[in-house]
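What follows is a single structure, written as structure tokens, with notes after it.
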Amino acid sequence: MIDEFAKDNLHGRLRRDREALLWKLDGLSEYDARRPLTATGTNLLGLVKHVATVEARYFGEVFGRPSPEPLPRWQDADGSDLWAAEGETLDQVVGFYRRTWEHADATIDALPIDAPGRVPWWPEPYADTNLFAVMVHVLGESVRHAGHADILREGLDGRTGLRPEHEKRIDEEARAAHRATLERAARTAASSKG
């Protein structure tokens with residue numbers, strides 16, 4: 001009974017965070033979705049493409065259920081899953097992610113939580129694992145990159161939140177006042193220390 005509870009809970013969280021990550025693309029142009037927003041080139045569409053690739057590999061190859069989506073061999077990974085090339089549209093990357101969900105969900109639904117898997121890119125003795133460990137790992141990846149997306153989207157146009165129904169109208173005056181309070185606290189703390 002605890003196994004099904006754990007599996008359902010992890011799966012529910014993964015579904016929630018998938019939707020949150022995709023929502024960060026809501027209303028963006030092709031340019032804004034893919035433009036580099038950090039010194040290392042991190043961008044919103046690249047985060048979605050990367051997480052889709054992560055799910056495709058972990059819920060595919062690891063359990064002998066290869067993704068129907070074309071993927072390069074993991075040994076040949078070159079970082080191209082972190083950005084969308086000129087010929088890849090926002091809709092194509094989102095479609096890839098949604099199709100990957102379907103395949104990942106089918107794997108999760110078909111296997112017991114202790115189903116064995118092998119992650120060949122993990123070092124020994126960790127390469128032999130199970131569905132539970134992979135679900136936790138992929139959820140961690142999804143949460144991490146959804147958090148990156150939160151910050152990138154806020155920096156892009158000020159939009160924040162986990163889901164559309166929780167989004168509030170942007171109050172620039174209140175945001176500026178709050179930021180000023182934080183800046184004063186930081187300066188005061190820094191000057192009192194030294």
Side-chain angles (χ1 to χ4, degrees), residues 7 10-38 40-113 115-124 126-149 152-153:
K7 183 176 158 183
L10 290 171
H11 201 179
R13 296 292 301 246
L14 180 60
R15 285 181 175 120
R16 181 197 73 179
D17 291 327
R18 288 169 174 163
E19 293 290 347
L21 181 56
L22 272 191
W23 182 53
K24 296 305 170 179
L25 296 173
D26 183 55
L28 293 180
S29 67
E30 286 284 345
Y31 173 72
D32 283 337
R34 68 181 61 235
R35 71 178 170 142
L37 297 169
T38 69
T40 59
T42 305
N43 61 87
L44 289 162
L45 192 57
L47 289 172
V48 171
K49 184 179 176 185
H50 173 68
V51 173
T53 303
V54 166
E55 280 205 41
R57 290 208 187 286
Y58 279 96
F59 294 117
E61 296 168 52
V62 169
F63 296 101
R65 300 169 59 93
S67 172
E69 297 292 322
L71 298 171
R73 294 176 337 132
W74 66 266
Q75 300 93 326
D76 299 333
D78 61 359
S80 61
D81 68 320
L82 294 167
W83 60 281
E86 294 88 351
E88 295 175 296
T89 68
L90 191 152
D91 288 342
Q92 287 171 329
V93 173
V94 168
F96 166 51
Y97 192 26
R98 289 190 182 281
R99 289 186 306 277
T100 297
W101 294 358
E102 291 173 16
H103 185 260
D105 289 347
T107 297
I108 293 166
D109 291 342
L111 300 176
I113 198 159
R118 179 156 181 80
V119 185
W121 51 91
W122 284 3
E124 294 299 339
Y126 308 105
D128 289 317
T129 189
N130 62 33
L131 181 61
F132 175 78
V134 167
M135 288 181 77
V136 169
H137 179 80
V138 172
L139 181 59
E141 283 278 322
S142 298
V143 169
R144 178 175 186 230
H145 294 309
H148 293 146
L152 293 178
R153 185 63 191 252

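Since this is a predicted model, take the numbers as computed values, not measurements.
- Judged by distance alone, the side chain of R65 and the main-chain N or O of H103 form no donor-acceptor pair under 3.5 Å.
- Aromatic ring pairs are classed by plane angle as parallel below 30°, tilted from 30° to 60° and perpendicular above 60°; the pair W122 and Y58 is tilted.
- Summarising the geometry, atom CD belonging to E55 is positioned 7.0 Å from atom OG1 belonging to T100; distances are rounded to the nearest 0.5 Å.
- In this structure, A33 and L25 approach most closely via the heavy-atom pair CB-CD2, 4.1 Å.
- Under a 3.5 Å cut-off, the side chain of R144 and the backbone N or O of G140 do not form any donor-acceptor pair.
- Not a single donor-acceptor pair under 3.5 Å links the side chain of K49 to the backbone N or O of D81.
- Between E141 and R18 there is no salt bridge, since no side-chain nitrogen of the basic residue lies less than 4.0 Å from a carboxylate oxygen of the acidic one.
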Starting from the C-alpha separation in whole Å, work towards a yes-or-no answer on side-chain contact (heavy atoms from CB on, under 4.5 Å) for L139 and M135. CA-CA 6 Å; L139 181 59; M135 288 181 77; over 6 Å; no
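- A donor-acceptor pair under 3.5 Å is formed between the side chain of R34 and the backbone N or O of E30.
- Checking side-chain atoms of R153 against main-chain N and O of K24 turns up a donor-acceptor pair under 3.5 Å.
- Separating the CG atom in L44 from the CG atom in L152 is a distance of 5.0 Å, to the nearest 0.5 Å.
- The distance from the NE2 atom of H137 to the CG atom of L10 is 13.5 Å, given to the nearest 0.5 Å.
- The structure places CG of L14 at 10.5 Å from CD of E19, a figure rounded to the nearest 0.5 Å.
- From R13, atom CZ reaches atom CZ of R15 across 14.0 Å, with rounding to the nearest 0.5 Å.
- Using cut-offs of 30° and 60° on the angle between ring planes, the pair W74 and W121 is tilted.
- No donor-acceptor distance shorter than 3.5 angstrom exists from the side chain of R57 to the backbone of L71, with no hydrogens or angles considered.
- Ring geometry for Y97 against W101 counts as perpendicular: the plane angle is over 60°, on a 0 to 90° scale with 30° as the lower cut.
- The backbone N or O of I108 sits less than 3.5 Å from a side-chain atom of K7, completing a donor-acceptor pair.
- Between D91 and T89, the side chains place no donor N or O within less than 3.5 Å of an acceptor N or O (distance only, hydrogens not considered).
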Let's go through V51 and D17 carefully: what are the C-alpha distance in whole Å and the side-chain angles of both, what is the deciding distance for side-chain contact (heavy atoms from CB on, under 4.5 Å) to 0.1 Å, and is it a yes or a no? CA-CA 11 Å; V51 173; D17 291 327; over 6 Å; no
